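This report refers to the structure that appears directly beneath it.
Chain identifiers are assigned alphabetically (A, B, ...) following the order of the sequence lines, protein sequences preceding nucleic acid strands; residue numbering begins at 1 within each chain. Since the structure is predicted, the reported quantities are computational estimates derived from the model, not experimental observations. Worth knowing before you read on, the calculation uses all heavy atoms, side chains too, and leaves out hydrogens, waters and symmetry mates.
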Amino acid sequence: MSETVIQAKNLDLTYQTNDGPIHALKGVDLDINKGDFVSFIGPSGCGKTTFLRAIADLEQPTGGKLTVNGVSPEEARKARAYGYVFQAAGLYPWRTIGGNIRLPLEIMGYPKSEMAERVAKVLELVHLDGFEKKFPWQLSGGMQQRASIARALAFDADILLMDEPFGALDEIVRDHLNEQLLELWARTNKTIGFVTHSIPEAVYLSTKIVVMSPRPGRITDVIESTLPRERPLDIRDTPEFLEIAHRVREGLREGHAYDD
Amino acid sequence: MSETVIQAKNLDLTYQTNDGPIHALKGVDLDINKGDFVSFIGPSGCGKTTFLRAIADLEQPTGGKLTVNGVSPEEARKARAYGYVFQAAGLYPWRTIGGNIRLPLEIMGYPKSEMAERVAKVLELVHLDGFEKKFPWQLSGGMQQRASIARALAFDADILLMDEPFGALDEIVRDHLNEQLLELWARTNKTIGFVTHSIPEAVYLSTKIVVMSPRPGRITDVIESTLPRERPLDIRDTPEFLEIAHRVREGLREGHAYDD
Amino acid sequence: ADDVTLQLKWVTQAQFAGYYVALDKGFYEEEDLNVTIKPGGPDVAPAQVIAGGGADVVLDWMPSALASREKGLNLVNIAQPFKSSGMMLTCRKDTGITGPEDFAGKTLGVWFFGNEYPFLSWMSQLGLSTEGGDAGVTVLKQGFNVDPLLQEQAACISTMTYNEYWQVIDAGLDADDLITFKYEDMGVATLEDGMYVLEENLADPAFEDKMVRFVRASMKGWKWAEENPAEAAEIVLDNDATGAQTEKHQVRMMGEIAKLTAGSNGALDVADYERTVQTLLKGGSDPVITAAPTGAWTHAITDAALK
Amino acid sequence: MMWILISLAIWIAAIALNLFLVRQRAPGSAFLVPVIFGFTVLILWEGMVRGFNISPVLLPPPSSIGLALASETDILWQDLVQTFFKGALTGYVMGCGAAVLIAIAIDRSPFLQRGLLPVGNFIAALPIVGLAPIMVMWFGFDWHSKAAVVVAMVFFPMLVNTVQGLQATDHMQRDLMRTYAAGYAPTLLKLRLPAAMPFIFNGLKISTTLALIGAIVAEFFGSPIKGMGFRISTEVGRLSLDMVWAEITVAAILGSGFYGLVALMEKRMTFWHPSQRKSR
Amino acid sequence: MKSIFPILTVVAAIFALWYVFAVVLNAPWAYSKAERAEVELSFSEMVADTMAQEKPRLPAPHQVGAEIWKTTVEKKITSKRSLIYHGWITLQATALGFAFGIGLGILLAVSIVHFRVMDMSVMPWIIASQTVPILAIAPMIVVVLAALQVDDIVAKGVISMYLSFFPVVVGMVKGLRSPDTMLLDQMKTYSASSSQTFWKLRLPASAPYLFASLKVGAAASLIGAVVAELSLSQNGGLGARLLAGSYYGQTIQIWSALLAAATLAALMVFVLGAIEKVTLKRMGMAQ
Ligand SMILES: Nc1ncnc2c1ncn2[C@@H]1O[C@H](COP(=O)(O)OP(=O)(O)OP(=O)(O)O)[C@@H](O)[C@H]1O
Ligand SMILES: Nc1ncnc2c1ncn2[C@@H]1O[C@H](COP(=O)(O)OP(=O)(O)OP(=O)(O)O)[C@@H](O)[C@H]1O
Ligand SMILES: Cc1ncc(C[n+]2csc(CCO)c2C)c(N)n1
Ligand SMILES: [Mg+2]
Ligand SMILES: [Mg+2]
């Protein structure tokens, strides 16, 4: 039916460290289709970040097969298929907010006029209009995180990978950005990979929830959401929502050890 | 009735910065009784941390009156009345986990034998037994945070001040530690001041929820919890719980601006 | 005009007045020479400079020059404006020294950097070890100034009649407080401040001709300086790039230098040469030169220059 | 000509070998690669000196330096004891020790810190070659004056680093101590000094090379008739350049070894610092 | 500005100490002079004498001050007896050496960061190079460069470079490696070329490190220039002045040349600090 964008087959990833190998991913199978919103949830250290990084060609799998858009992650990266939002904001302190957002556009060689236009557009999207000329340290942590999201949205990557982008934000702001993200996704039909620690967030956002368990990182459950694509905030009080949340929680509680 | 431990009367706290004064707290009135579990919730930058720091004599109020155990915060601090858990773990990298937990005990002059015993006890409490000899950077973020909580629990402070201690943890671990904290509180009858961004967490833990709004930081609502002291995890699905949560959310949503 | 570069052994001072006078008075120009004078310093080895091609002629003390010859650098003395040696040992009387026989057990300051050879030779003639102890002398490598004597760190220090000795006097010690041992009087004098060139260069007639003119003009400068010490000192001062020299000191130095150059027309006295070689060959355990050198001097230049 | 071509060929071959070793991440390559590089430099040097017929009174070939190293071990050892163990090491220990103690003493006074640091930086910029004759004048010609020069050289870099290190604790770590109502001594011992360690070691490392250079240079301005600086300045005058380079070689090996030793201690003692943990 | 008062206090303390030391160190000479002249010295006479000796072991601050005044303000700056004249000569060599040092340092740092071979093979030798006593090889460098027909000022510059490139390499390597993995990974997700990564990330990130090491390097290249002038004194300069002073036991002259050199270094550090402030501010890196 729908086109497969990311395909992992029996994927292994082992880090070699001084203390011996760490099996971060083991036998991971996953298909992600075009336009999917996939959340990854699991205890700390289970390999969520590692998986996202492998997709973005920032880590080399040590076994199995991984394709993105039918080609290798490296080729996809070279074709600039990714927008990546890291766990921390990672803005350049010597560039203004506008300059930070312009950075990928400069590198990818967008024309000047288009740059300004795009920067303005994404700043508005994350409610940072008026802050273009400010430096990162003049903004609160939450605003910085929003700027980093804006940066990933500024160029037209088909695949958006977000590693706990909202971890540092308070609940109200988070709700708001969740809504915005859903709206953007609906409008652009991007494929989104999203790491979170929050069960409600995962359920609220995703078409597919991937539950992982640690050492070696495995996928314990893949839950296809039955929620409609159109999601007002109060969908979170519906029994359907609560049921999915319950299933995620159960999945998590299995494979969970307290010593992460 | 019950004894007042912390009393703030018309408290002001203004930071002097190069860009002019920042009114972090303005006209704050609050009474905290012995054995209370008080949560502070509010948007980023509203002064939660500042208030906690003022109680612990880490900041000097610029107006109003603040007493702890009937004396000034400074005297209370000198009498070692506080255990403080900071927003970040703040472990000393050159000490092992055990050494970090031993640190306050050494400073307060506990006898050697008792130290070992206490360290073992709190490590078990936060499920870090077996990690005593590891260094902080050999642990994941969540484990570090737990170690820092253990450190604050190792000595007998009457007042426990915790600044978003569980921010970096995933939901399952968080639930577990919430339970543990409640149990400890019930057993020891400590007075706890607790900052969080999570509404359910605040409602689940507290006997009193303080909702704050930003610039200048004011208290907009103080909600006395009607929940019993005995709280199983699934109390969170009761209508009573949801009602309190709703009230907190409403309180938050008022004074909230998106540009934090 | 032909270019000639002269490397001095030490910093600009009246010790080198003849050359500065020749430059200043246009004697070099008259000989159609374009001369550059490079001052030396505590760690400039003239022999090294000429080996590297940084100079055409260098001034050096004969012991160093002969030692370089043994190292395979063929230096040849082409002229010797200095007839006598100005080196001496200056001692404080309050240390109880009255003659060389009192040196045992004392600390003596000596210049190294190639200047130590006559001293070592003298000590070996006196039968004194330089390893310290009661029967020998303790040697200390003296720096650039006379402090060790003033600070009583040494009983004696090396001085030149024209320079360091007067610094001691200037510092406040009286001539009566001091006793001096001139190397000339001790029979260990070696030739100082001769002009040396590379042997292979001399094979070139053009170079030889250049040197003839250079020596002629330089000697003219020296004689002029001997006769006009005050003006010569003034010329030296004008050429001192550091601006550190004082007129009083340079005038006095010029007077003393004149005593050393007196009696030389520029030609090397072979008897002086033989005496220097003998002194060096008697240099004790670690002789400077192991055999009498051959071809270390020539009269060809002075013969042509002075006729 | 032969010499030049051969040495160039060896040079190119060795570079290729190094490239290969690095790419293979062969075990021991961290040691092997710099050694191979060093050897190629020596071979190139030898080839150039012989090929271009450079006079040995200007630059001796490595082979004759090696010969001097092997045949004059007694003198080299005696010079090393005089300069390194007596002059450099004593001065190093005294200078660094005093600097750390004084840094701790002024640490309590922000007033002194604000005043002393800029002045300290000013004094650290004094060219020590100027200081050396003065120290010889004050402390005599034996090793004491050399140690004094070393003290003067290492003191301020060490002071500045230690003061900076003692301030390197972050807010939270200090606040934590405050909540424990910890006094001055425990805070110093348990927090500030450990946190200052990376900075202190930085100063100690800089000081190793300074100490050796200071001791050698000071000998140029008066010394007994032994010591590395004495030998270097004397032998230049005698045009025994092979001996000069032998002393320089000893100095370089000694300096690198001393530096390496302190770096090793640093690794042991500040294993916890991020700069020691990740290798990028 | 807050630190003006503390600095003045410290400087005052240093001057006080200096006077005390001047008395203590110069007293023996005062007494021995008196002894030879067979007069008794009272304490105050002794102190007065220690303040006014011609060649004191430690000249009193006012003697040095008077000498500096005499050789700066009262002399034409073209005079060979003017410290400003010599300072200018040294400054030229320093600037040249510093420029060489920055160039070589940055070149090495860039290649060390980009090529593992360079990192592994050259870095240990760069450290070893700094353990070679420069004063020992400076004369040889002078001779060799003179043989190659290189200008004297360039020779001084080369020696000065030898001392100044090291801090620049070390600081720049640290700075170019300072962006954390995340920022580098980010560049990778943009599929940025390594030159883009260099210009847009590594170079700006290294700015604070660069300035810190430039300050150290400036002081080092001044020392290098002074050392070079000990072997190349014919053109004058503070080093030649130092040497001449030391040769004639003119301690007052030594100290004034020393202070002039340190002032020069302080001036350069100050200028660099000002440039740093402006640059970092414009880059938004200084709060
Ligand atoms: N560069 C690395 N070298 C060695 N081990 C690593 C590296 N990166 C991650 N690991 C290990 O791999 C495992 C998976 O890490 P990963 O960062 O993917 O976890 P995560 O699920 O993202 O956790 P969190 O929720 O805490 O971000 C962990 O045990 C971690 O310690
Ligand atoms: N040391 C300080 N100097 C100046 N301003 C400060 C300082 N500390 C905090 N502030 C300001 O005071 C206000 C309250 O800060 P505070 O840290 O108490 O907020 P918070 O409620 O803890 O926020 P968060 O949820 O982000 O931790 C903010 O506007 C902050 O910028
Ligand atoms: C390192 C050093 N080497 C030699 C001398 C001695 N010296 C060489 S030429 C000359 C004449 C000038 O007075 C003198 C004294 C010294 N002083 N310092
Ligand atoms: Mg992660
Ligand atoms: Mg806070």
Side-chain angles (χ1 to χ4, degrees), chain D residues 15 18-19 21-23 29-30 33-34 36-38 41 58-59 110-131 133-134 137-138 208-209 212-213 216-217 220-221 228-229 232-233 236 241 244 247-248 251-256 258-260 278 280, chain E residues 2-3 5-11 13-14 25 57-58 115-117 119-125 127-137 139-140 143-144 147 177 181 215 218-219 222-223 226-227 230 238-239 242 245-246 249 251 254-255 257-259 261-266 268-269:
Chain D
I15 285 180
N18 262 351
L19 275 169
L21 280 176
V22 169
R23 213 159 285 144
S29 59
V33 170
I36 292 175
F37 176 82
V41 171
L58 283 181
L59 187 66
F111 182 81
L112 269 185
Q113 277 176 30
R114 250 185 319 198
L116 226 132
L117 286 188
V119 178
N121 278 321
F122 179 78
I123 297 179
L126 280 179
I128 75 108
V129 276
L131 229 53
I134 292 166
M137 184 165 102
W138 289 356
T208 51
T209 54
L212 197 63
I213 292 180
I216 291 177
V217 166
F220 280 53
F221 297 82
M228 304 169 77
I232 290 173
S233 65
V236 172
L241 271 281
V244 173
E247 290 280 0
I248 290 175
I253 293 174
L254 209 61
S256 310
F258 193 14
Y259 185 96
K278 64 171 173 237
R280 213 187 346 144
Chain E
K2 254 194 334 215
S3 39
F5 184 57
I7 290 179
L8 287 180
T9 314
V10 169
V11 169
I14 287 179
L25 284 167
R57 285 179 94 172
L58 177 59
F115 306 108
R116 260 175 67 86
V117 203
D119 185 17
M120 292 179 71
S121 55
V122 177
M123 203 55 192
W125 292 102
I127 293 172
S129 79
Q130 295 301 302
T131 63
V132 170
I134 177 68
L135 197 62
I137 54 172
M140 299 187 241
V143 168
V144 170
R177 283 180 178 162
T181 335
K215 288 188 205 163
L222 181 83
I223 293 181
V226 169
V227 166
L230 296 184
L238 292 176
L242 214 59
S246 131
T251 37
I254 301 181
W255 280 93
L258 263 180
L259 283 189
T263 308
L264 215 53
M268 285 193 302
V269 170

Point to revise | Distance, nearest 0.5 Å, that separates CD of E:Gln130 from OG1 of D:Thr208 | key: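 Answer rounded to 0.5 Å: 11.0 Å.
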
Check your understanding: Which atoms form the tightest heavy-atom contact between E:Ala128 and D:Ala252, and what is the distance?
Key ->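 Closest heavy-atom pair between E:Ala128 and D:Ala252: O-CB, 4.3 Å.
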
Study note, to complete from the structure: Scanning both residues in full, the closest heavy-atom pair of D:Arg114 with E:Ile7 reads O-CG1, 3.7 Å

Review point. Which region of E:Ile14, side chain (C-beta onward) or backbone (N, CA, C, O), has a non-hydrogen atom less than 4.5 Å from a non-hydrogen atom of chain D, or is it both or neither?
Key: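 Only the side chain of E:Ile14 comes within 4.5 Å of chain D.
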
Check your understanding: Which bit of E:Val132 is near chain D, if near means a heavy-atom gap under 4.5 Å: side chain, backbone, both or neither?
Key -> both

Check your understanding: Side chain, backbone, both or neither: which part of D:Leu254 has a non-hydrogen atom closer than 4.5 Å to chain E?
Key ->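 Neither the backbone nor the side chain of D:Leu254 comes within 4.5 Å of chain E.
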
Point to revise | Contacting region of D:Phe111 [heavy-atom separation from chain E under 4.5 Å] | key: both

Point to revise | chain D contacts, top residue of E:Thr263, E:Val11, E:Leu238 (heavy-atom pairs, under 4.5 Å) | key: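 Among the listed options, the one with the most contacts to chain D is E:Thr263.
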
Practice item. Check whether any side-chain heavy atom of E:Ile137 sits under 4.5 Å from a side-chain heavy atom of D:Ile248, and report yes or no. Key: yes

Practice item. Using side chain to side chain contact (heavy atoms under 4.5 Å, CB included) as the criterion, list what pairs up with D:Val41, not counting sequence neighbours. Key: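 D:Phe37.
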
